[in-house]
Amino acid sequence: MLEKTYKPAEVEARQYQRWEESGAFAAGRDGTGDPFTIVIPPPNVTGSLHMGHALNNTLQDILIRISRMRGRDALWQPGTDHAGIATQMVVERQLAEQGKSRGDLGRDAFVDRVWEWKAESGGTITGQLRRLGASCDWSRERFTMDDGLSAAVRKVFVDLYKQGLIYKDQRLVNWDPKLHTAISDLEVIPREVDGNLWHFRYPIEGALHRHIVVATTRPETMLGDTAVAVHPDDDRYRDLVGRHAILPLVGRRLRIVADDYADPEQGTGAVKITPAHDFNDFEVGRRHDLEMINIFDREARINENAPETYRGLDRFEARKRIVADLDAAGLLEKIDKHRHTVPFGERSDVTIEPWLTEQWYADAKTLAQPAIKAVEDGRTKFVPENWSKTYYQWMRNIEPWCISRQLWWGHRIPAWYGPDGHIFVELDEATAQAAADTHYGKPVELTRDPDVLDTWFSSALWPFSTLGWPEETSELKRYYPTDVLITGFDIIFFWVARMMMMGLHFMKEVPFHTVYMHALVRDEHGQKMSKSKGNIMDPLELIEEYGSDALRFTLTAMAAMGRDIKLSSSRVEGYRNFATKLWNAARFCEMNECQPDPSFDPSKVKSNLNRWIIGETTKAAAAVSDAIDAYKFDQAASAIYQFSWHNFCDWYLELVKPVLQSGEGADRDEARATAAWVMQQQLKLLHPIMPFLTEELWPQFSRPSNEPLITSAWPQLSNDLVDEAAAADLDWVIKTIAAIRGVRSEMNVPPGAKIAAILNGANAETKARYERHGEQLERLARLSGASFDQPVPPGSVQTIVDETTIVMPLADVIDIAQEKARLEREISKLAGEIGKFDKKLGNEAFTSKAPPEVVETQRERRADAIAAREKLEAALGRLSA
RNA sequence: GGGCGCGUAGCUCAGCGGUAGAGCGCUCGUUUCACAUGCGAGAGGUCGCUGGUUCAAACCCAGCCGCGCCCACCA
């Protein structure tokens, strides 16, 4: 006998272990079935499960589980990401607590230390995915820095280098002065801050007392100025173009150049140009061949290229000094308050500095072209579709991808330098050495590039590197391209776009046919959850309290397209109650000996009640299947919820009670078999969303096959069952339902009709049972306007209109209501037609140009429609009376 | 500046041309025998505003008002 309530904690671990040990998650189990593949967005190896993961992986698991049940060879490829900066920072923090830095350890020891940390905490996230119920094929788990994937990364780097698609370049990068590494544009967060706009006077060379006034938000960069730019059409400065200004405090001659970049509307119209410390100025510098003077070191302190007094000062310290010094020199014209955006590092949270360095770049522009085309051609589809716009916009304006990072944790760049700086890019040190020796004609000493690759470089290869590439494995052949990628839109640029580029370049095929972008789970303020903000909600706490199934169902029900999810625990509680409800339905079946009958044929049932619920089951199965196929997860959840609770529990089980409890032999047998069959079907339908509960209940309904639910067959119910149910004379079941649901508002059938109908439809014993509670029923009846003073004949409803009790056969009530509804629909349709005729006949072009007989036909048809409508309206009037 | 999206019940959100919906919360009643994590009955909405299209608009179109996100720029 089942307990009164479902206890998730007792069930989940046991069921998961059974699945995993039985090999149910393994792809290629029986060597048949079309492959269906999803690669997991690899979570940070040392991370832990947050709500975004919970949503993302629940949705993936639903697709994997339904595919598995449909007989597909489902592969959910799991794995984790080394997460360069993030992981390195964690370990550095740990070191800092011991008063050490990574420099103290040295590179090798530090990297060893990170591996230790990975070994220590690396199982956390995968353990948490298991708690969520994720049915990944764990036997194939990969890590972005394992041997195979590292080999893939090296090969991609070497190949792209040899194809000229990876190169070294000196240009401005976003430099993080705290982490001492370049970061990508995407890792820079612009933030509005209150600042000042300082106006400085730069003296004009050879013109005593004459100045040109420049405005800046960053006075300290003036030490690197090499020009002043004005707009070519700006009359105020026309005569100064070609002359020179003298840079105060430094004494450098600055060319005054004419450039469209200078906006006469902005500031003073004259702008100081610092090519080494501003992206726009860099471009101006290139156009005018200006000197680029780097005035910062890697910590953004003033370096030796500036006057001695400022050297070693922090940039903000330098700012104060420079403003003061210029003021003292009488060159500070004014200071305006100015609100502007300043770039901050996503992880370090310090101001990012544009800094001139040499870095490795990937030619994203070239790689993007096939990736754009693939989406244009529909070889990869975005769901919802409008994300393709975001994708296009970025891809069509893509910048070179800076792929080198000045970190220690990651894939070290496979480039070696000879004594004269010659570059050897090879798969490993030995081949590099050999190449170098050949190149120089003698043994030489090589230095390896100290940098590592951007984490997203290895992630970009994930869909094929995890399947064994560059080896030509059978997995690669079978499971690539994958079917669908499920991810949040926040990494569309970081990850999705780059997988498209790399997949197409190296595999010549898109990495996935569909990209489903789910909403972001945001915090209560609509803010993105992030570690740095400390606003992460813990899915594990919710699992602890309500069970994994309840959390999964909640996320599924809220996963409507194109809307952010704000999670509330009351919602999870509600779906926990749903789990209990289903549990109790199973318990009811158990108590009433509802077991599957191997010879049961849903198309052969006799009782109308049973035929009705079979029809409803069929509709629910279709609704769930269609919704999932369309990635409308919320609709799938709501379809099964509605069916299970309201159709099956509220109506079917209530109405079948009399039959089960005191019906005759054959009737009761059929009811039992039907109830068990419906349970069977709905457990299957619910399994992808609530795997634990359904598997736990399954044994009771698993006959005749007795196989576990996870690998059982997805319901494929014939539409004939719906038709069958609809075609039947649905007798009192449907009529009762109609009386309560649809007809009430029209015909004033009192709410108490449900009780009355049950009483009338029930046999003597049930009736007697209800009558034991006569007092309650009477009160209920009074409350709802029904009366039990006089017996109501079977098949009738009783209603009170204007204090007159009317007893009317239910069938009549239904017929009248249905007829009325039908007439109203007809009239509405005719009105539409008449309107169209009117429009056409009122169109002068039509009446004057169309052949007369055509116009006449239109008139006749209009007249017919009007006549028909009048007739129907009259009938409706009689009915209402 | 460019792009995307959202304003529907107290809260969180579905619906997106044909009689306004769900969950939670609220009110009243109810330990009845699967389930009080339940059951029954209710209250609560001019579907942001203004126009337009249509026989019919929460839904389509235009404009406006609020709100959010992404990208770019910012002397």
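Computed from a predicted structure; not experimentally measured.
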Query raised in the report: Looking for any heavy atom pair under 4.0 Å, which part of the strands does Ser570(A) touch: base, sugar-phosphate only, or nothing?
Result: sugar-phosphate

**Report entry** Below 4.0 Å: OP1/OP2 of G38(B) and any side-chain N or O of Asn577(A)
**Finding:** yes

Report task. In whole angstrom, give me the gap between the P atoms of G21(B) and U27(B). Result -> 24 Å

Report task. Answer yes or no on whether Arg576(A) is positioned over the face of Tyr546(A), meaning its NZ or CZ is under 6.0 Å from the six-membered ring centre and within 45° of the axis. Result -> no

Requested in this report: Nearest whole angstrom, please: distance from the C1' of A22(B) to the CZ of Phe553(A).
Outcome: 12 Å

Query raised in the report: Would you say the side-chain atoms of Gln393(A) pair up with the backbone N or O of Thr390(A), donor to acceptor, closer than 3.5 Å?
Result: no

Query raised in the report: Base, sugar-phosphate, or nothing for Tyr641(A), non-hydrogen atoms under 4.0 angstrom?
Result: sugar-phosphate

Report task. For Phe489(A) and for Lys4(A), locate the closest nucleotide of RNA chain B by heavy-atom distance; then report the residue assigned to the nucleotide nearer the 5' terminus. Result -> Lys4(A)

Requested in this report: Would you kindly compare Phe493(A) and Ala586(A) by the position of their nearest RNA chain B nucleotide and give the one closer to the 5′ end?
Outcome: Ala586(A)

Report task. Quote, to the nearest angstrom, the P distance that separates A58(B) from G17(B). Result -> 13 Å

Query - Check: Tyr575(A) ring centre within less than 6.0 Å of Tyr641(A) ring centre - result: yes

**Report entry** Note: Lys337(A)-Asp194(A) ion pair, threshold 4.0 Å (strictly below)
**Finding:** no

Query raised in the report: With rounding to whole Å, what would you report as the distance between C11(B) and G25(B) at their C1' atoms?
Result: 7 Å

Report task. In whole angstrom, give me the gap between the P atoms of G15(B) and G5(B). Result -> 14 Å

Report summary line: Here the pair of heavy atoms bringing Tyr237(A) nearest to Val213(A) is OH-O, 4.4 Å

Requested in this report: Starting at NE2 of His277(A), measure out to CD of Glu220(A) and round the result to the nearest 0.5 Å.
Outcome: 9.5 Å

Report summary line: On a heavy-atom basis, the closest approach of Gly269(A) and Ala262(A) is O-CB, 3.9 Å

Query raised in the report: If you measure from the P atom in C16(B) to the same atom in U50(B), how many Å do you get, rounded?
Result: 24 Å

Requested in this report: Send over the distance from Ile189(A) CD1 to C71(B) P, rounded to a whole Å.
Outcome: 7 Å

Query raised in the report: With a non-hydrogen cut-off below 4.0 angstrom, is Thr216(A) in contact with a base, only sugar-phosphate, or nothing?
Result: sugar-phosphate

Report task. Quick one: the dot-bracket string of RNA chain B, using Watson-Crick and G-U wobble pairs with both distances under 3.5 Å, [ ] for crossing pairs and | for bases paired to another strand. Result -> ((((((((.[[[[.)..(..]]]].(((((.......))))).....[[[[[..)....]]]]])))))))....

**Report entry** Interatomic distance at P, U30(B) relative to C69(B), whole Å
**Finding:** 49 Å

Query raised in the report: NA contact type, Lys389(A), heavy-atom cut-off 4.0 Å: base, sugar-phosphate, or nothing?
Result: sugar-phosphate

**Report entry** Distance, rounded to the nearest Å, where Asn584(A) contributes CG and G38(B) contributes C1'
**Finding:** 8 Å

Requested in this report: Rounded to whole angstrom, note down the C1' distance from A56(B) over to G40(B).
Outcome: 36 Å

Report task. Answer with base, sugar-phosphate or nothing: what part of the nucleic acid does Cys649(A) contact at a heavy-atom distance below 4.0 Å? Result -> base

Query raised in the report: Looking only at atom C1', what distance separates G48(B) and C65(B), rounded to whole Å?
Result: 8 Å

Query - Under the side chain to side chain contact (heavy atoms under 4.5 Å, CB included) test, residues paired with Pro8(A) that sit two or more places apart - result: Tyr6(A), Glu12(A)

Query raised in the report: Per the atom types in the model, does the base of C35(B) pair as donor or acceptor with the side chain of Lys581(A) at under 3.5 Å?
Result: yes

